[in-house]
Amino acid sequence: MTMQLATAERRLTVPRLEIDLEAVAANSRLFAARATGDLMAVVKADGFGHGAVAVACTALAHGARWLGVTSIDEALTLRRAGIVAPTLSWLNGLDADFEGAIRQRIDLAVPSVEHLAAVATAATTLGRVAQIHLHADTGMARDGAPAAEWDALCRRAVAEEAQGLVRVVGLMGHLGCADTPDDNANARARSAFAEFVRTARRAGLRPSMLHLAATSATLTDPLAHHDLCRVGAGLVGIDPSGTTALRGAMTLSAPVISVRDVPAGTSVGYGHTFVTDRATRLALLPLGYADGMPRAASGLAEVLIAGARRPVAGLISMDQLVVDVGSINVTPGDTAIVMGPGQHGEPTVGDWAQWSGSIPHEIVTGLGQRITRVTAPAAQVPAVGRPPARLRSLR
Ligand SMILES: *Cc1c(COP(=O)(O)O)cnc(C)c1O
């Protein structure tokens, strides 16, 4: 059963974002089958705007064994929802709540000696061992320890292991150019990672999990898979490598608030950047850049209304946008489909990304909190160690 679009079901009174967990399930199965090793569902940024708990539960029920997030806060949100699956948090400041993380058995990525010391201190206070993944900079000059600091980090980790404070279970890197599989930078990053691993083993570490790949490398570069593929974008239908048909998982719709017939020469919106060149009909939608409709898409964007793709007229405002519907018969209360998987002719997340000079990731993570979210079918917390609990509304 696929989810019905809002238009088919009922008239909307407010904008509505429908999340199709069957699409997330199908994408999860695809990635679990592709990954040489295990699949980690990356549900940072509220599951790429699709709901972290709902996406996590769905992915776990369809092949994922791990969850990955940026901050400890995000990991604790998953635990509070009753999710006990192995979870890794990889980007935290030195004064982050490492004690809270260790107490909740959240694995921590460690990119520096200073972070290692902070985690070891928290482990000492709690009298518990912290599970950690040393994070190497494999060529982005972003997160992860640079090569020059790696040996010292590994040696210090061996010492902390001997103290019983940490257990190094993983080594991780990240690929900066995996979206273009032919780029030589990918082979260089893989070699760099191999060298980081050799150094770690020489220092005496025996990690059981090596991980380097995200969505694109999982789809295009089996040499990068190792023991765990960390997949986020792909679960919600975004394939930055452009190689694989995935299922989009969100549909954004909005009611037409008002309709007006205007003569040729009518200026529309701020700055009068659009002037009608003929008599036409304008429909107003209550969605704007505060809701994540990128203002940069003004002049290019379209929506699906009464079965036809019609252009957005003038600049997108903070809370509203105007659609030039031409001579189509549109009345207040009709539904416009602003973006979706595309099967009904509506614009896709990728279309909005293109119109605004961005990437789909920015579109899906940018949708505002005042949009009503509806998630179906209901996700269940996997019954691992705890009774399943029905999820509450993810508003
Ligand atoms: C976001 C992120 C991922 C997931 O990347 P996708 O391309 O969305 O699959 C994996 N690893 C790290 C370190 C990340 O920050």
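If you're wondering where the values come from, they're calculated on a predicted model, not measured in any experiment. We count ligands from 1, going down the list as the structure has it; atoms in each ligand are counted the same way.
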If you take all heavy atoms of [X] and [Y], which pair is closest and at what distance?
| X | Y | answer |
| --- | --- | --- |
| I337 | S253 | CG1-OG, 4.2 Å |
| P111 | L153 | C-CD2, 4.1 Å |
| R79 | T87 | NH1-OG1, 3.2 Å |

> Does the ring centre of W66 sit less than 6.0 Å away from the ring centre of H133?
Replying inline: yes
> Just by distance, do the side chain of S71 and the backbone of E74 share a donor-acceptor pair under 3.5 Å?
Replying inline: yes
Considering only the protein, which heavy-atom contact is closest to [atom], and what is its distance?
| atom | value |
| --- | --- |
| atom 6 (P) of ligand 1 | T215 OG1, 3.5 Å |
| atom 11 (N) of ligand 1 | R230 NE, 2.9 Å |
| atom 5 (O) of ligand 1 | A214 CB, 3.3 Å |

> Which of the atoms in ligand 1, numbered in the order shown and given with their element, are less than 4.0 Å from a heavy-atom of F48?
Replying inline: 8 (O)
> By number and element, which atoms of ligand 1 are closer than 4.0 Å to a non-hydrogen atom of V231?
Replying inline: 9 (O)
Distance-only N or O hit between ligand 1 and [X], under 3.5 Å:
| X | answer |
| --- | --- |
| G232 | yes |
| S216 | no |
| A233 | yes |

> For atom 14 (C) of ligand 1, which candidate among K44, M172, M40 provides the closest heavy atom?
Replying inline: K44
> Looking at V325, I328, I305, V256, which one forms a side chain to side chain contact (heavy atoms under 4.5 Å, CB included) with D334?
Replying inline: V256
> After noting the C-alpha distance and the side-chain angles of Q343 and R247, does the key distance pass the side-chain contact (heavy atoms from CB on, under 4.5 Å) rule?
Replying inline: CA-CA 10 Å; Q343 299 119 314; R247 283 177 58 180; 5.9 Å; no
